[in-house]
Colleague: 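First the structure, then my questions, so here it is.
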Amino acid sequence: MTTLSTVSPRAVARAGLTAVLGVNVLLVTVLYATAGASANLLITVGRLAGLYGALLLTFQLVLVARLGWLDRRLGMDRLTSLHRWTGFTLVWLLVGHAVFVTYGYAESEQVAPVPMLVELAETTEGVLRAIVALVLIMGVGALSVRYARRRLAYETWHFIHLYSYLAVLLAFSHQIATGQTFVGSAFARAYWWTLWGAALGAVLLGRVLIPLHRNLRHRLRVSHVVAESPDVVSVHVTGRHLDELPARAGQFFLWRFLTRGRWWQANPYSLSAAPDGKSLRLTAKALGDGSAGLRRVRPGTWVFAEGPYGAFTALHRRAPNAVLIAGGVGVTPIRALLEDLAGHLVVLYRVNSNADAVFLAELAALAHRRGAVIHLLAGPPSAAGAYGPLLGAASIAALVPDVLERDVFVCGPPGMTRAALDSLRRLGVPGDRVHAERFALAS
């Protein structure tokens, strides 16, 4: 039975992250003040920027570690967004560190900034490594700007992003060699070693050890492949001890099908049926090379799955009844939630035409068994890309008169999701009762 949350798990996670970061900022500031500030204001500002940058770098590692507790409460899309904006802040802090320290020493030595930087790189241990780390981080940051990111294949962007781990190691070695608070205090050294160790350990645990353990334990293989429509395909996966896999309806995995042409591709596909402890089903629309190739995956193919991920689950329910709004292939997690959620459910299924309604027969059967109501909203978007009155505030209010008293789960194409969320805001549905998630990869 679904347990309703009296306190938002998302709010708890956000408050926890904020508190941890705030306490560490205070501690880093105290440690620096105890070690003694420089007589030169520019050097003091630069060193503080570097320390805050180092702290934020460890925070970044935690955000991308794919830790289950955080992911189930915030969702990978929110963690990715937080990682992105934190990353831009990190770049400015590290640039400020380099600029202020260089200008501070140049002022003290009465030389130009560029010769001063060259001299520091040549004579001070760790500075050259820090310069390389800064260049790497700036490069990754530049490629993470939305304009650049959209023009790179995920695999290419992911490979480039791996250089940030090299930057982390170089930055840490610089801090060990020259960091004033690091070399001047046993307590500060213990603090920074613990902080870096915990952050790198979180990445190792979440990104390597847990996925390896689960895949060795469950031994996933393709059972069969089903064409749900001309452009939608489902893959059924079986394995061992699947009842021990902590997957919930509404979540997704990063799937790798271990064939010659696909083993290096990781694609996020949500579960289209609630986990039953015996098999898993993923469903995808042919939107790219990865999803289009699913039709050619053969039964018996080994599967490496990372996850489960996602906060689009019953964990966040605040009301006894719910509305499930689906669009296109976004119906896949909605179909799983219809099978899993308790209470009275209403499904609003937005499609361009009746022929596009994937899983309609399954939805109808589940609705009959659960006493749920399904409304199929068929019609093409307008020329402007709007989803029209079918998901407008008036339509939702007419179809679900008690919508203000329900949780609302929304999943579909970005335009449809924005339209639905805008309508829900207009109706005054409380924000903590609206649940939407974009399946994004935090790298």
Colleague: Before you tell me yes or no, could you show the steps for Val346 and Leu324 under side-chain contact (heavy atoms from CB on, under 4.5 Å), namely the whole-Å CA-CA distance, both residues' side-chain angles and the distance that decides it to 0.1 Å?
Modeller: CA-CA 6 Å; Val346 178; Leu324 310 179; over 6 Å; no

Colleague: Is Glu339 salt-bridged to Arg248, going by a charged N under 4.0 Å from an acidic O?
Modeller: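 Result for this pair is no, no salt bridge flagged.
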
Colleague: Could Arg318 and Asp432 be called an ion pair, given the rule that one side-chain N must be under 4.0 Å from one carboxylate O?
Modeller: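 A salt bridge links Arg318 with Asp432.
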
Colleague: Please determine if Arg426 and Asp422 form a salt bridge, counting it only when a charged side-chain N lies under 4.0 Å from a carboxylate O.
Modeller: yes

Colleague: Between Arg406 and Arg433, does the side-chain contact (heavy atoms from CB on, under 4.5 Å) criterion hold? Intermediate values first, please.
Modeller: CA-CA 7 Å; Arg406 294 173 177 259; Arg433 293 190 180 184; over 6 Å; no

Colleague: What I'd like to find out is whether the side chain of Trp255 reaches to under 4.5 Å of the side chain of Leu280, using heavy atoms alone.
Modeller: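 Yes; the side chains approach each other to less than 4.5 Å.
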
Colleague: Working note: Glu437 + Arg73, criterion salt bridge (Lys or Arg N to Asp or Glu O under 4.0 Å); need CA distance, chi angles, decisive distance, verdict.
Modeller: CA-CA 11 Å; Glu437 186 169 15; Arg73 285 157 179 79; over 6 Å; no

Colleague: To the nearest 0.5 Å, how far apart are CZ in Phe252 and CE in Met76?
Modeller: 4.5 Å

Colleague: Does Glu244, at its CD atom, have more than 12 non-hydrogen atoms belonging to other residues, nucleotides or ligands within less than 6.0 Å?
Modeller: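 Atom CD in Glu244 is crowded, with more than 12 foreign heavy atoms closer than 6.0 Å.
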
Colleague: Side chains of Leu363 and Tyr349, heavy atoms from C-beta outward: is any pair under 4.5 Å?
Modeller: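 Answer yes - side chains close enough.
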
Colleague: For Pro246 versus Pro308, what's the shortest heavy-atom pair and its separation?
Modeller: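 So the two residues come closest at O-CG, 3.1 Å.
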
Colleague: Please enumerate all residues that pass ring pair (Phe, Tyr, Trp, His ring centres under 6.0 Å) together with Phe409, with sequence neighbours excluded.
Modeller: Phe312, His435

Colleague: Report the C-alpha distance between Trp193 and Phe172 in whole Å, list the side-chain angles of each, state the deciding distance to 0.1 Å, and finish with yes or no for ring pair (Phe, Tyr, Trp, His ring centres under 6.0 Å).
Modeller: CA-CA 9 Å; Trp193 274 108; Phe172 183 46; 5.0 Å; yes

Colleague: Could you tell me which residues satisfy ring pair (Phe, Tyr, Trp, His ring centres under 6.0 Å) with His241, sequence neighbours excluded, listed by chain and number?
Modeller: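 Partners of His241 by the ring pair (Phe, Tyr, Trp, His ring centres under 6.0 Å) criterion come out as none, since no residue qualifies.
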
Colleague: Answer yes or no: are there more than 12 heavy-atom neighbours, outside Phe100 itself, under 6.0 Å from its atom CZ?
Modeller: no

Colleague: Trp302 ring centre to Arg256 NZ or CZ under 6.0 Å, with the angle to the axis within 45°?
Modeller: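 Here Arg256 fails the 6.0 Å and 45° test against Trp302.
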
Colleague: Report the residues that fulfil ring pair (Phe, Tyr, Trp, His ring centres under 6.0 Å) with Trp85, sequence neighbours left out, ordered by chain and then residue number.
Modeller: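 Applying ring pair (Phe, Tyr, Trp, His ring centres under 6.0 Å) to Trp85 gives Phe88.
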
